[in-house]
Asker: 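Below you will find the structure I want to go over with you.
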Amino acid sequence: MSETLISVEGGCRLSGKIAASGSKNAVLPIIAAALLSSGTCKILDVPKLADVDVICQVLEGLGAVLSWQDKELHIKTTGLSSYEAPEELVSKMRASFLVMGPLLARMGKAKVSLPGGCAIGARPVALHIKGFEALGASVRTEQGYVLAETAGLKGARIYLDLPSVGATENLMMAATLAEGSTVLENAAEEPEIVDLANFINSMGGRIRGAGTKIIKIDGVTELGGCEHQVIPDRIEAGSYLVAAAITGGELVVDNVIPDHLKPVIAKMQEAGCLIREEESSLHILADGQLRAVDIKTLPYPGFPTDMQAQFMALMTRAQGASVITETIFENRFMHAEELRRMGANIRINGSSAVVEGPSTMQGAPVKATDLRAGMALILAALAAEGRTEISNINVIDRGYDDLVNKLSGVGANIWRSDQ
Ligand code: EPZ
């Protein structure tokens with residue numbers, strides 16, 4: 001059976017303008033939240049991603065009517081006919097579990113396949129379930145499915161043991177149609193949560209404090225339709241900053257909210273890159289002389305775990321030793337082995353990796369083990385000598401919209417090929 005690869009001929013200095021698409025991690029919960037609405041939702045700048053296709057299939061399976069006009073998605077959920085999200089879809093994309101809160105709130109019942117673990121970690125959903133129970137639902141797990149029921153959710157005070165992005169989103173959505181008020185404490189503060197709250201409020205929801213550790217939700221009885229523009233993808237934009245730095249290039253990254261990338265910009269400046277912030281773009285100039293810096297991944301506004309792999313690739317080109325500590329996921333260093341195949345000097349010690357640089361990276365056949373690991377291999381390949389062939393690229397297509405065209409548009413020698 002033939003497989004599609006991404007091939008990269010390294011050594012090109014990138015230059016020009018490249019734009020980020022709408023945010024994957026904002027649009028997935030937003031599409032789920034459309035289930036709360038009794039009207040029609042119009043979502044603008046929806047990225048073309050495999051993960052978006054999956055959540056759209058979940059909604060269609062529930063009876064929603066979806067239609068596209070280029071990157072504009074129209075969702076009508078007046079005639080929902082099911083409350084079940086099947087295993088075959090949820091197993092493809094864990095974030096499908098985010099339909100649980102809206103279904104429970106809207107239909108009083110939800111049956112969603114237990115997402116299970118993935119390449120980067122066990123990814124439990126206990127905090128989601130604990131929160132649904134606090135809102136008055138009865139929840140049980142049966143034959144690999146989570147079943148939840150309620151005669152009507154009631155507002156509650158919920159303290160999250162850790163600031164889980166998914167649990168914050170699922171509970172914020174459930175509480176939107178609950179009777180009375182809910183307070184989420186130790187909530188996650190990611191920009192994608194703020195975008196979700198803005199989407200729900202534009203349908204008539206009453207959410208305050210999104211983006212802080214304490215979110216207050218006053219329940220309403222019904223939500224209408226709305227029109228909403230998704231925020232830009234900060235992780236895609238951050239990946240392009242690294243692309244400029246690792247090739248000693250100069251890029252203007254467009255469609256960015258610079259504030260969302262503060263921890264990434266700070267570390268890249270520490271490594272020796274010049275970055276100028278404009279209103280909705282970032283101008284990066286790099287000369288290829290990079291200093292080693294240490295990073296530690298943390299919940300927002302700390303350094304994002306979704307940029308860790310890309311940064312490890314960058315540090316293979318830096319002068320000195322950098323220590324990369326991963327605190328969010330227990331198994332998010334699989335890219336290190338593939339980078340070593342290309343000539344990197346990386347030692348893993350528990351949740352930390354020590355990268356010694358600069359290494360002269362050589363093109364090689366490598367495998368994308370997960371979404372961000374795949375992007376890290378493309379970045380390393382851009383600066384390597386010779387050709388790199390990356391397999392298992394479906395994981396990359398899950399989260400990067402039109403990546404090959406965008407990178408070749410700024411001078412990368414990159415293409416897809418069937419093998
Ligand atoms: C979201 O995942 C993102 N996905 C991830 O991006 C991102 O890495 C992650 O947040 C952290 O920023 C989407 O938004 C679709 P969490 P999520 O719940 O919600 C533990 C990418 O590359 N935890 O904040 O699943 C969990 O195991 C992806 O785009 C529990 O212990 O992340 C993890 O260690 C990858 N119990 C930590 O919390 C729970 O009930 C953070 O997970 C829930 C989570």
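Please read all numbers here as calculations on a predicted model, not as lab measurements. In listed order, ligands and their atoms are each counted from 1. In what follows, every heavy atom counts, from backbone to side chain, and hydrogens, waters and symmetry copies are set aside.
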Asker: In order of chain and number, which residues sit within 4.0 Å of ligand 1 by heavy atom?
Answerer: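 Within 4.0 Å of ligand 1, protein side: K24, N25, R94, A95, I120, R123, P124, V125, A126, L127, H128, L162, S164, V165, G166, T305, D306, I328, F329, R332, L371, R372.
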
Asker: Could you list the residues that satisfy ring pair (Phe, Tyr, Trp, His ring centres under 6.0 Å) with F199, not counting sequence neighbours?
Answerer: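 H228.
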
Asker: Looking at K213, I'd like to know if its NZ atom is crowded, meaning that more than 12 non-hydrogen atoms belonging to other residues, nucleotides or ligands lie closer than 6.0 Å.
Answerer: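 Counting other residues, nucleotides and ligands, NZ of K213 exceeds 12 neighbours.
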
Asker: Test R340 against E338 for salt bridge (charged side-chain N to carboxylate O under 4.0 Å, His left out), laying out the working first.
Answerer: CA-CA 5 Å; R340 277 199 285 255; E338 299 302 301; over 6 Å; no

Asker: Taking K406 for its side chain and A19 for its backbone only, find out whether a donor-acceptor pair lies under 3.5 Å.
Answerer: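 Side chain of K406 to backbone of A19: a pair is present.
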
Asker: If you apply the rule salt bridge (charged side-chain N to carboxylate O under 4.0 Å, His left out), what do you find for D70 with K48, and how did you get there?
Answerer: CA-CA 9 Å; D70 190 25; K48 298 278 178 195; 5.2 Å; no

Asker: Check this for me: K296, atom NZ, are more than 12 non-hydrogen atoms of other residues, nucleotides or ligands nearer than 6.0 Å?
Answerer: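 Count not over threshold, so no.
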
